[in-house]
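Working notes, structure below.
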Amino acid sequence: MMSSSSSPSSAEVENLVVLFVGFAFATFLYGLTFFQTYLYFSRYSNDNAWTKVLVGALFVLDTTSTGLVSDLTYHCLITMFEVSMDVLYATLTFCIQDLLSVILILIAQLFFAVRLYTVCGGPTSITSRSVSMAVLFCAFIAVVFGLISVGQIFQKRQLTAFALPSMAVIAGISQGFAAVANIIIFIAMCWSLRPARYPDMVLPEGVFEKIAVLFVSRGLGLTVIQLAYLGIFVASPGKPYWIAVQMVTPRVYANVVLGLLNTREVKHGVGLNEEETLSDRHESQNDGLPSALRFRMPLSTKATQQSLSFSHQGENSGGSEIEEGSKSYIDDQNLRSIHSHGSEHAYDKASLS
């Protein structure tokens, strides 16, 4: 037990700060996950059933993982307040949330593997099959070694044990293959969705919009967070810095997938991918996520001006028809009044005679 008068050591302060920072960023990203899940189900009501299952699974896993992170933070900062925290121990909640992180990363990489299978040419393309299989292979290796690492954490419980070569190598292989899979995803997405292959695809405008498209639609966000995780862990596996990144990483994966789904245009409640033809996009709705990621309707200025001119012509023609109708009605009324005056005049003459 630590006395109330004694000041915490630098190692204890470092551990608690890392836990709180990781908890704060993880909670913020979970709020974004919640918002994006609501946005998806409110916009894409008629979307593919498997896509709805994917979004639901991401939301449930992220919710559970964030709850476990909150429980871990509460345990270390509140429950164990009077106990020295010079060394962090992996509680059961930490082990479970680490397992959920491995599953979330796998789901996100499988989603991009399927996406690459579509944009790289489909089932008839050798490139499509090769790239997808490369991503699946790396993701599978990362999951296998990730599960082994989770088992080691559950056995050792002391997080500083990651400084041991036996644990550091296993965790490093898992994170390394996950990073390789993300690099393949990013390069293949940029190559497959280049304007030369899809000339009808609308290109992003402005620096912010281009960066946003790269981070979400091309998977750069996955690559950046995974390389940061790998680099921090390899640099200091015995330090707690990587724990904060580990809390944030699965939520970045979930939000990148949800962001890609929510930036699609809508047609009758079904999402359209950015490489879809222009004919499919003319009837789409664009009333969803108000961000730079949202792709605009690919209508030319001339077509817009023509439609406006047609509408003005329709209004003018309608107005002329009304004017002509009113004129003919006035003429008929005048003729009727002349006839009535003539008949009255003839009747007066007949009565006088």
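Here the structure is a predicted model, which is why all the values come from computation and not from measurement. In what follows, every heavy atom counts, from backbone to side chain, and hydrogens, waters and symmetry copies are set aside.
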### Task
Please answer: with hydrophobic residues joined when any side-chain heavy atoms are less than 4.5 Å apart, are L230 and F140 in the same cluster?
no

### Hydrophobic cluster membership, F145 vs L227, 4.5 Å side-chain cutoff
no

### Query
Taking all non-hydrogen atoms of both residues, which atom of F186 and which atom of T223 are closest, and how far apart?
CB-OG1, 3.8 Å

### Query
Minimum heavy-atom separation for T91 to T93, with atom names?
OG1-OG1, 2.8 Å

### Query
Is a side-chain N or O of S101 found less than 3.5 angstrom from the main chain of P250, in a donor-acceptor match?
no

### Message
Tell me if a side-chain donor or acceptor on N46 pairs with a main-chain N or O of V270 at a distance below 3.5 Å.
### Response
no

## Note on the structure
Residues passing the salt bridge (Lys or Arg N to Asp or Glu O under 4.0 Å) test with D47, sequence neighbours excluded, are R264

### Message
Within the structure provided, determine whether K156 and F162 are in side-chain contact (heavy-atom separation under 4.5 Å).
### Response
no

### Query
Are side-chain heavy atoms of Y253 and L58 found at a separation under 4.5 Å?
no

### Residues forming a ring-ring contact (aromatic ring centres under 6.0 Å, His included) with F59, sequence neighbours excluded
F34

### Task
Give a yes-or-no answer on whether the side chains of R251 and T33 include a donor-acceptor pair shorter than 3.5 Å.
no

### Query
Is it the case that one hydrophobic cluster holds both I225 and I232, taking links as side-chain heavy atoms less than 4.5 Å apart, direct or via other members?
yes

### Message
Donor-acceptor pair, distance only, cut-off 3.5 Å: does the side chain of S192 make one with the backbone of M189?
### Response
no

### Query
Do the side chain of D71 and the main chain of G67 share a donor and acceptor less than 3.5 angstrom apart?
no

### Query
Is there side-chain contact between C190 and L214, with heavy atoms separated by less than 4.5 Å?
yes

### Query
Hey, mind stepping through Y30 and T63 against side-chain hydrogen bond (donor to acceptor under 3.5 Å, both in side chains) and telling me if it holds?
CA-CA 7 Å; Y30 173 70; T63 301; 2.9 Å; yes

### Query
Side chains of L19 and L88: does their closest heavy-atom pair fall under 4.5 Å?
yes

#### Entry: side chain to side chain contact (heavy atoms under 4.5 Å, CB included) between V150 and I96, worked out
CA-CA 8 Å; V150 172; I96 296 175; over 6 Å; no

### Message
Quick one, L116 with I185, criterion side chain to side chain contact (heavy atoms under 4.5 Å, CB included). Give me CA distance, side-chain angles, the key distance, then yes/no.
### Response
CA-CA 8 Å; L116 286 172; I185 289 171; 4.1 Å; yes

#### Entry: Heavy-atom pair with the smallest gap, counting every atom of L222 and N182
O-ND2, 3.2 Å

### Interatomic spacing from CG in L99 to CG in L104 - rounded to 0.5 Å
10.0 Å

### For I184 against C138, the heavy-atom pair lying closest together
CD1-SG, 4.3 Å

### Query
Going by atom types alone, do T249 and Q226 pair a side-chain donor with an acceptor below 3.5 Å?
no

### Message
Does Y241 form a side chain to side chain contact (heavy atoms under 4.5 Å, CB included) with S236? I'd like the steps, not just the answer.
### Response
CA-CA 8 Å; Y241 308 132; S236 55; 3.6 Å; yes

### Message
Tell me whether L147 shares a hydrophobic cluster with L136, the cluster being built from Ile, Leu, Val, Met, Phe, Trp, Tyr side chains joined at under 4.5 Å.
### Response
yes

### Query
Under 4.5 Å between any side-chain heavy atoms of L220 and V256, yes or no?
no

### CG on D62 to OG1 on T37, rounded to 0.5 Å
8.0 Å

### Query
Any sub-3.5 Å donor-acceptor pair from Q36's side-chain atoms to G259's backbone N or O?
yes

### Task
Determine the minimum heavy-atom distance between G221 and V252, stating which atoms define it.
O-CG1, 4.1 Å

## Note on the structure
dist L16:CG -> T73:OG1 (nearest 0.5 Å) comes out at 10.0 Å

### Side-chain donor/acceptor of S42 to backbone N/O of L39, under 3.5 Å
yes

### Message
Is there a salt bridge (Lys or Arg N to Asp or Glu O under 4.0 Å) between E274 and R218? Walk through the geometry before answering.
### Response
CA-CA 11 Å; E274 56 184 295; R218 304 298 183 266; 3.0 Å; yes

### Query
Are W242 and V17 connected in a single hydrophobic cluster, I mean Ile/Leu/Val/Met/Phe/Trp/Tyr linked by side-chain heavy atoms less than 4.5 Å apart?
yes

### Message
Is it the case that atom NZ in K239 sees more than 12 heavy atoms from other parts of the structure closer than 6.0 Å?
### Response
no

### Query
Okay, side chain of S65, backbone of L61: is any donor-acceptor separation there less than 3.5 Å?
no

### Query
Is there side-chain contact between Y44 and K52, with at least one heavy-atom pair below 4.5 Å?
no

### Task
Would you check if T51 and F111 make a side-chain contact, meaning some heavy-atom pair closer than 4.5 Å?
no

### Query
Counting N and O atoms only, with roles assigned by atom type, does the side chain of R197 sit under 3.5 Å from a partner on the main chain of R194, one being a donor and the other an acceptor?
no

### Ring geometry between F233 and Y229 (parallel below 30°, tilted from 30 to 60°, perpendicular above 60°)
perpendicular

Compile the donor-acceptor pairs under 3.5 Å between side chains in residues 174-181 and protein atoms, sequence neighbours left out, one pair per line.
| residue | atom | partner | partner atom | Å |
| --- | --- | --- | --- | --- |
| S174 | OG | A142 | O | 2.8 |
| S174 | OG | G146 | N | 3.3 |

### Message
Using side chain to side chain contact (heavy atoms under 4.5 Å, CB included), reason through L159 and F94 one step at a time and then give a plain yes or no.
### Response
CA-CA 10 Å; L159 294 179; F94 181 86; 3.7 Å; yes

### Query
Within 45 degrees of the axis of the six-membered ring of Y40 and under 6.0 Å from its centre: does R43 put its NZ or CZ there?
no

#### Entry: Closest non-hydrogen atom pair between V216 and F112, with its separation
O-CZ, 4.0 Å

### Message
Please check: side-chain N/O of T118 versus main-chain N/O of V114, any donor-acceptor pairing under 3.5 Å?
### Response
yes

### Query
So, do V143 and Q109 sit near enough that their side-chain heavy atoms are less than 4.5 Å apart?
no

### Query
Would one find more than 12 heavy atoms of other residues, nucleotides or ligands at under 6.0 Å from atom OH of Y198?
yes

### Summary
Rounded to the nearest 0.5 angstrom, the OH-CD1 distance for Y89 and I153 is 15.0 Å

### S128 side chain vs Y117 backbone, donor-acceptor pair below 3.5 Å
yes

